[in-house]
Amino acid sequence: MGPPQGFGVRRRVRVPGGRFRRSGSVQQSNFQRVPRGPGHHGQGSRDSSGSPGARWGVEVSDPGSEARMTLEDGSGRQADLTDQEAARLDKRRRLLEAGVPPYGGRFERTHTVPELLKDFDRLIDTPVRVAGRLRSIRRQGGLTFADLQDGGQRIQLFCRKDTMGPETYGLLDWLDIGDIVGVWGRTMRTRRGEASVEVHGWELLTKALRPLPEKWHGLKDVELRYRQRYVDLIVNPRVRDVFVARSRAVSAIRRFLQDRGFLEVETPMLNPIPGGANARPFITHHNALDMDLYMRIAPELYLKRLLVGGFDKVFEIGKNFRNEGISTKHNPEYTAVEVYEAYADARDMMRLTEELFAYVAAEVAGSPVITYQGTRIDLTPPWPRLAMTEAVARYAGLELDGLSDEQAREAAKRRGVDVPAGATRGTVLAEVFEKLVEPHLIQPVFIVDYPIEVSPLAKRKTGDPAMTDRFEPFIMGWEVANGFSELNDPVDQRERFQRQVEQRAAGDEEAHMMDEDFLRALEYGMPPAGGLGIGVDRLVMLLTDSPSIRDVILFPHMRPRGSV
RNA sequence: GUGCCCGUGGCGCAACGGUAGCGCAAGGGACUUUUAAUCCCUGGGUUGUGGGUUCGAAUCCCACCGGGCACACCA
């Protein structure tokens with residue numbers, strides 16, 4: 001993964017005057033050209049990674065191949081450029097020579113572009129200073145039109161030679177699409193009615209050395225979109241909107257909980273013992289302590305320690321890390337919000353959940369009724385409650401009550417659901433539910449009463465010790481949250497951990513480890529409480545109508561590439 | 001991890017055994033109310049990588065790399 005030569009040079013390329021030659025005799029080493037487009041990852045250049053300086057000075061006659069121009073940056077390294085990159089570097093040099101610094105500094109703006117456009121007609125014919133990225137340039141002799149993008153919106157720049165003077169106007173020739181400029185002038189509408197700034201003067205704030213993707217098809221290659229999200233954000237306005245919506249959703253969650261008296265806290269991401277969920281953790285190492293640590297898979301056990309400590313209403317918004325597969329609904333690190341309320345129970349948390357979803361949807365999407373991939377979803381509370389056994393009876397036509405473990409396993413197999421050899425009835429129930437019922441749960445519904453086997457941290461249901469007072473809301477067939485009345489009996493909790501440890505020993509890598517400190521905390525006494533965890537990414541997917549979790553994560557995990 | 005599909009100039013796409021092409025973008029020129037500006041000219045690709053089949057490979061075959069989707073696992 002080490003960067004091949006040529007990488008890193010681009011940041012600090014110096015183009016000495018006259019070193020740049022167009023065609024004919026082009027100075028070039030015997031380096032292979034480093035391909036940089038999609039699917040190029042510099043494998044062909046491995047042979048040239050050592051001591052570049054030694055290979056200099058080879059004169060290669062290569063007429064007609066501007067793209068192979070090379071340049072020195074004074075460090076004995078060099079970069080091969082595309083014709084467009086070469087042209088931009090050349091303009092950068094010419095600007096410098098003309099006394100125009102290609103990278104400016106502070107620029108005082110009177111308005112952002114969205115501010116200007118919002119109330120344009122009232123602001124017309126006033127002096128303004130705006131800044132942004134050039135998205136298109138239409139040169140027309142003594143008149144040049146350009147589109148300036150800022151804050152996701154564009155305003156037209158209207159540049160007239162007569163207004164600006166020939167020198168200022170002439171320097172426009174060294175600007176490219178993608179450059180960031182600050183301009184000052186007067187707001188006006190053109191003959192065609194386009195909201196514009198008549199430019200009196202301008203300043204180059206940043207010269208862009210790489211060209212932006214094509215102007216109306218934009219950047220479509222999803223791999224490039226994820227790997228180079230910065231480009232995606234520049235050219236695809238919808239992407240920007242999604243991440244603004246995500247930010248608003250997180251703010252709305254925080255506001256909703258804070259307004260109800262919940263205290264936001266932060267607990268460790270580096271855990272000596274990972275807990276709070278059944279999942280495989282990432283392992284990392286602390287050098288000074290010389291010990292392995294785990295990236296947290298859930299903050300649950302820490303938040304419950306806070307209940308012990310007397311914080312009655314707490315929440316945390318943050319990342320969980322799970323060493324599992326990647327899919328359109330799974331990213332190895334994802335954002336969750338967990339909420340704990342002392343003296344409450346699962347019923348209270350269900351009410352909190354449905355209210356929170358409706359509130360956040362209204363804040364982000366404008367309504368508790370949303371459309372996801374063509375399906376109308378009504379998040380208005382209250383959502384129906386349906387016991388897992390009833391759900392399995394209704395959607396799978398399966399009645400497991402009263403069956404022995406073996407009979408239950410047989411029943412599941414007859415329905416085509418694979419279950420582990422020694423699975424108990426409760427495990428079978430959960431398995432059948434996942435496979436046969438979940439896909440049917442499109443509109444919001446709370447599934448309640450989960451088997452104890454799959455709920456090692458939840459309180460038993462009064463009157464049915466095989467079940468727990470747990471719930472999970474489903475939308476679009478996805479589990480979007482998980483909550484329960486928290487188990488606060490340390491003796492019961494120890495037994496549950498013990499079962500988990502046994503399963504772990506039997507090869508279940510996702511089973512809990514024994515957490516003695518957590519048990520000690522419970523032994524000091526944790527108030528009865530309701531707890532809740534919500535998958536924020538999936539919530540945002542729903543609210544932004546995004547088909548993949550990668551569409552709501554700015555930098556989704558990707559396999560690294562040599563050089564891109 | 002398995003299956004299916006994809007990888008062609010900076011970007012979006014064509015060519016699907018027979019000379020690698022188009023649009024935008026880029027370079028040169030004309031143009032003082034355009035907005036996918038227009039018009040003339042020009043350059044840019046060892047078709048993801050490596051093998052193979054063939055007189056001939058972007059195209060067919062194999063392996064590898066990267067990606068998408070579905071399944072599996074999970075939230």
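A quick note: this is a predicted structure, and the numbers were derived from the prediction, not measured. Protein chains get the first letters and strands the later ones, always in sequence-line order, with residue 1 at the start of each.
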> Expressed as a whole number of Å, how far does the C1' atom of B:A37 sit from that of B:U33?
Replying inline: 11 Å
> Would you say the side chains of A:Asn320 and A:Glu333 form a donor-acceptor pair under 3.5 Å?
Replying inline: no
> Looking at B:U35, B:G12, B:U32, which one has an atom nearest to any side-chain atom of A:Leu219?
Replying inline: B:G12
> What interatomic distance, in whole Å, is found between C1' of B:C24 and the corresponding atom of B:U2?
Replying inline: 40 Å
> With sugar-phosphate meaning primed atoms plus P, OP1 and OP2, does A:Gly218 contact a base, only sugar-phosphate, or nothing at under 4.0 Å between heavy atoms?
Replying inline: sugar-phosphate
>> Using a 4.0 Å heavy-atom cut-off, does A:Thr328 contact any base of the nucleic acid, only the sugar-phosphate backbone, or nothing at all?
In response: sugar-phosphate
> Between B:C73, B:U32, B:A25, which nucleotide has the shortest distance from any of its atoms to the side chain of A:Pro211?
Replying inline: B:A25
> Would you say the base of B:U35 and the side-chain of A:Asp147 have a donor-acceptor pair closer than 3.5 Å?
Replying inline: no
>> If you assign each of A:Arg191 and A:Leu175 to its closest nucleotide in RNA chain B, which residue comes earlier from the 5' end?
In response: A:Leu175
> Is the distance between the ring centroids of A:Phe471 and A:Trp383 less than 6.0 Å?
Replying inline: no
>> Mind checking if A:Gly535 touches a base, just sugar-phosphate, or nothing, with heavy atoms under 4.0 Å?
In response: nothing
> Is there a donor N/O on one and an acceptor N/O on the other, under 3.5 Å, for the side chain of A:Gln140 and the base of B:U38?
Replying inline: no
>> Within the 4.0 Å heavy-atom criterion, would you say A:Asn331 contacts the bases, only the backbone, or no part of the nucleic acid?
In response: base
>> On the nucleotide B:A37, are OP1 or OP2 found under 4.0 Å from the side-chain N or O atoms that A:Arg138 carries?
In response: yes
> Does A:Asp537 pair with A:Lys329 as a salt bridge, N-O distance under 4.0 Å?
Replying inline: no
> OP1 or OP2 of B:C71 sitting under 4.0 Å from any side-chain N/O of A:Lys435?
Replying inline: no
>> According to a cutoff of under 5.5 Å between the ring centres and under 30° between the ring planes, does A:Tyr334 stack with the base of B:A75?
In response: yes
>> Need the pair for B:U32. Rule: Watson-Crick or G-U wobble, both distances under 3.5 Å, any strand; none if unpaired.
In response: none
>> Applying a 4.0 Å non-hydrogen cut-off, can you work out what A:Arg550 is touching in the nucleic acid: base, sugar-phosphate, or nothing?
In response: sugar-phosphate
>> Which nucleotide, if any, forms a Watson-Crick or G-U wobble pair with B:G56, using both distances under 3.5 Å?
In response: none
> With a 3.5 Å cut-off and just heavy-atom distances, do the side chain of A:Glu194 and the base of B:U35 make a donor-acceptor pair?
Replying inline: yes
> Taking A:Ser196 as the fixed residue, which of A:Arg186, A:Arg189, A:Gln156 is the one that meets the side chain to side chain donor-acceptor pair (under 3.5 Å) rule?
Replying inline: A:Gln156
> How long is the line joining CG of A:Asp232 and C1' of B:G10, in whole Å?
Replying inline: 16 Å
>> Could you identify the nucleotide paired to B:G43, looking across every strand shown and requiring Watson-Crick or G-U wobble geometry with both distances under 3.5 Å?
In response: none
> Should A:Asp469 and A:Ser485 be marked as a side chain to side chain donor-acceptor pair (under 3.5 Å) after you check the CA-CA gap, both sets of side-chain angles, and the distance that decides it?
Replying inline: CA-CA 6 Å; A:Asp469 194 21; A:Ser485 300; 2.5 Å; yes
>> OP1 or OP2 of B:U33 versus the side-chain N and O atoms of A:Arg160: is any pair under 4.0 Å?
In response: no
>> Does B:C24 have its OP1 or OP2 closer than 4.0 Å to a side-chain nitrogen or oxygen of A:Lys215?
In response: no
> Given B:A25, B:C73, B:A75, which nucleotide is nearest the side-chain atoms of A:Gln84?
Replying inline: B:A25
> When you check the phosphate oxygens OP1 and OP2 of B:G67, does a side-chain N or O of A:Arg559 lie under 4.0 Å from one of them?
Replying inline: yes
>> Under 4.0 Å, heavy atoms only, any strand: does A:Arg139 hit a base, just the sugar-phosphate, or nothing?
In response: base
>> Is it the case that the side chains of A:Thr267 and A:Arg296 hold a donor-acceptor pair, with the cut-off being a distance below 3.5 Å and no angle test?
In response: yes
>> Starting the side chain at C-beta, find the nucleotide from B:A26, B:A75, B:U32 nearest to A:Lys161.
In response: B:U32
>> Side chain of A:Arg94, heavy atoms from C-beta onward: which of B:G68, B:G28, B:G12 has the nearest atom to it?
In response: B:G28
> Which listed nucleotide (B:U35, B:G27, B:C11) is nearest to the side chain of A:Thr190?
Replying inline: B:U35
> So what does A:Glu479 touch, heavy atoms closer than 4.0 Å: a base, only the sugar-phosphate, or nothing?
Replying inline: sugar-phosphate
> Quantified in whole Å, what is the C1' atom distance between nucleotide B:G52 and nucleotide B:G56?
Replying inline: 15 Å
> Thinking salt bridges, do A:Glu324 and A:Arg280 make one under a 4.0 Å N-O criterion?
Replying inline: no
> Think A:Arg225 has a side-chain N or O under 4.0 angstrom from the OP1 or OP2 of B:G12?
Replying inline: no
> Across all strands shown, which nucleotide pairs with B:G66 by Watson-Crick or G-U wobble geometry, both distances under 3.5 Å?
Replying inline: B:C6
>> Measuring from the side chain of A:Val222 (C-beta onward, heavy atoms only), which nucleotide among B:U32, B:G67, B:U35 has the closest atom?
In response: B:G67
>> Can you see if the side chain of A:Arg192 gets near the phosphate of B:U33 - specifically, an N or O under 4.0 Å from OP1 or OP2?
In response: no
